[in-house]
Amino acid sequence: IDEGYRKTEEKLEEMLGTLNEGYKWVVISPRCFQYKGFWLPEIYIKGSMMIDDHFKPRPSDIIVASNPKCGTTWLKALTFAIVNRNSYFDFQNHPLLTSNPHDFVPFLELFILQEAGSIESLPSPRLLSAHLAFSSFPTSMRCRFVYICRDPKDALVSMWYYVNKLRPEHLPPLSLEVTFDLFSKGLSLFGPFWDHVLGYWKASLESPNKVLFLKYEDMKREPSVYVRKLAEFLDLPFSAEEEDEGIVDKIVKLCSFENLSNLDVNKNNVKEKKRGFPAPLRNSDFFRKGLVGDWFNHLTPEMVKVLDQITEEKFRGTGLNF
Ligand code: A3P
């Protein structure tokens, strides 16, 4: 496997020189490139190539997929709680009360780099995550994807805060104007945002058993409905007995923003190198407001108009809207 990895690395070096270079967000990687139509930090391009060349998917694999800042942390928590509910039925003593959700659901693109062999030794079903676009995965890949998306206006505001938390102190903060400009031109991390969403949306229509498409806004409104949907999609529907015991509500409460963001482990303000994350960050960086519509407090009417227009144009005729 080491020889194989080395060959992929050589290929990467050759290829990077041929790609368009994008804005340096300085979040997790010094350089971003346009790869297979999406703007990726260099390390994710490497991860994507390693997946193409070396990943052995299993039909039981579950991949939590998203554009950054669309609710990844929440969906990781929910998926972990649903899949493992028979091992961790004591909700007073649940692992999500003492660890951050990201610790249980590693990013495939980064995990495959850091711990090459160990991805194979994970027991099934493997719970993984990805920011890669759907079209970036090998077409033959057999596994299930659960995708979460969000109103691009809220995703942009969330990204703006997040980037500034992660930027090294010697750099000036990134202004909302610059963040907006990059985002609306498609130059966001893993962007264009809209193409990313559309890829998973179309896949969910074509293969509803393979891709579950969720919206942050819907889930905030009716979390228990979507927890049931998620469980059914994963072939782990709640039994009548579980329903009687109120397991769905327990999972909803456990994974709620109010609960997770107030746990000591997630209030932790120490920057640390997290497994699978190439830049040091704090668990608290994953939690901000957890609301729908906070864009209203940040974006100018002009910014709103531009973003809504792009959304309208990109999603016209697809059945998707925000
Ligand atoms: P805001 O910045 O709007 O508050 P990601 O997990 O993809 O990085 O997305 C982060 C966004 O999800 C942040 O949005 C964060 O506050 C919100 N979030 C984190 N945990 C959540 C939860 N359990 N429920 C709802 N929203 C959550």
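We number each residue from 1, following the sequence as shown. First listed ligand is number 1; within each ligand, the first listed atom is number 1. Keep in mind that the numbers below use all heavy atoms, side chains included, and drop hydrogens, waters and symmetry copies.
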Under a 4.0 Å threshold between the charged nitrogen and the carboxylate oxygen, would [Y] count as salt-bridged to [X]?
{"X": "Lys46", "Y": "Glu109", "value": "no"}
{"X": "Asp52", "Y": "Lys36", "value": "yes"}
{"X": "Glu312", "Y": "Arg316", "value": "yes"}

In terms of relative ring orientation, are Phe286 and Tyr162 parallel, tilted or perpendicular, with 30° and 60° separating the classes?
tilted
Hydrophobic clustering (ILVMFWY, side-chain heavy atoms < 4.5 Å, transitive) - are Leu205 and Met141 grouped together?
yes
Sub-4.0 Å heavy-atom environment of ligand 1, residues by chain:
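Residues Lys69, Cys70, Gly71, Thr72, Thr73, Trp74, Arg150, Ser158, Tyr216, Cys255, Ser256, Phe257, Leu260, Phe286, Phe287, Arg288, Lys289, Gly290 each place a heavy atom under 4.0 Å from ligand 1, listed by chain and number.
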Is it true that a side-chain atom of Ser256 and a backbone atom of Lys253 form a donor plus acceptor pair closer than 3.5 Å?
yes
